[in-house]
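For reference, the structure discussed in these notes is given below.
These figures come from a predicted structure and were not determined experimentally.
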Amino acid sequence: MEVFGGFMMMLTILGFFLTVIWFILPFVIFNIKGRVERTLVLLEEMDKRLVAIEATLKAREATTVHEQPIPAAEVAAPEE
């Protein structure tokens with residue numbers, strides 16, 4: 001009978017820990033979900049800013065390439 005009482009005590013302690021975890025787990029999951037959603041929004045904003053910066057740099061590169069004429073001496077006689 002003593003073995004049965006010890007077994008029931010172990011099950012009671014295990015059940016207590018599982019109950020505590022069962023009550024805490026939803027708060028942990030929803031907290032992680034909120035952080036992931038906020039991170040996703042920040043990542044999308046960063047991606048939009050990077051696209052805008054890339055477009056600006058490409059536009060600047062295109063205008064600087066077209067603005068710098070090639071000297072006629074280099075076109076007529078390239079260096080060997």
Side-chain angles (χ1 to χ4, degrees):
M1 208 60 171
E2 189 174 322
V3 174
F4 182 72
F7 183 70
M8 288 304 293
M9 189 62 174
M10 288 189 333
L11 283 180
T12 304
I13 293 171
L14 182 65
F16 176 73
F17 285 132
L18 289 176
T19 304
V20 169
I21 290 172
W22 185 261
F23 283 127
I24 292 174
L25 195 61
F27 296 105
V28 172
I29 290 173
F30 286 123
N31 189 16
I32 292 173
K33 183 179 178 240
R35 288 183 185 183
V36 168
E37 288 176 352
R38 186 174 57 216
T39 304
L40 179 64
V41 169
L42 290 174
L43 184 63
E44 288 174 350
E45 290 176 3
M46 286 172 49
D47 189 38
K48 289 177 185 176
R49 285 188 273 166
L50 282 175
V51 168
I53 290 171
E54 287 175 353
T56 304
L57 288 175
K58 284 182 183 179
R60 283 186 187 176
E61 184 178 300
T63 56
T64 56
V65 168
H66 293 305
E67 288 178 358
Q68 297 175 351
I70 300 173
E74 290 181 9
V75 175
E79 294 182 17
E80 294 182 16

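For the pairing with Thr56, the side-chain contact (heavy atoms from CB on, under 4.5 Å) check across Lys58, Arg60, Glu54 returns one residue only, Arg60.
Between the OG1 atom in Thr39 and the CD1 atom in Ile32 there is a gap of 11.5 Å [rounded to 0.5 Å]. The CG atom of Leu40 sits 10.0 Å away from atom CD of Glu45, with the distance rounded to the nearest 0.5 Å.
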Return a table of donor-acceptor pairs under 3.5 angstrom between the side chains of residues 8-31 and protein atoms on other chains or two or more places apart.
{"from": "Thr12", "atom 1": "OG1", "to": "Met8", "atom 2": "O", "distance (Å)": "2.7"}
{"from": "Thr19", "atom 1": "OG1", "to": "Gly15", "atom 2": "O", "distance (Å)": "2.7"}

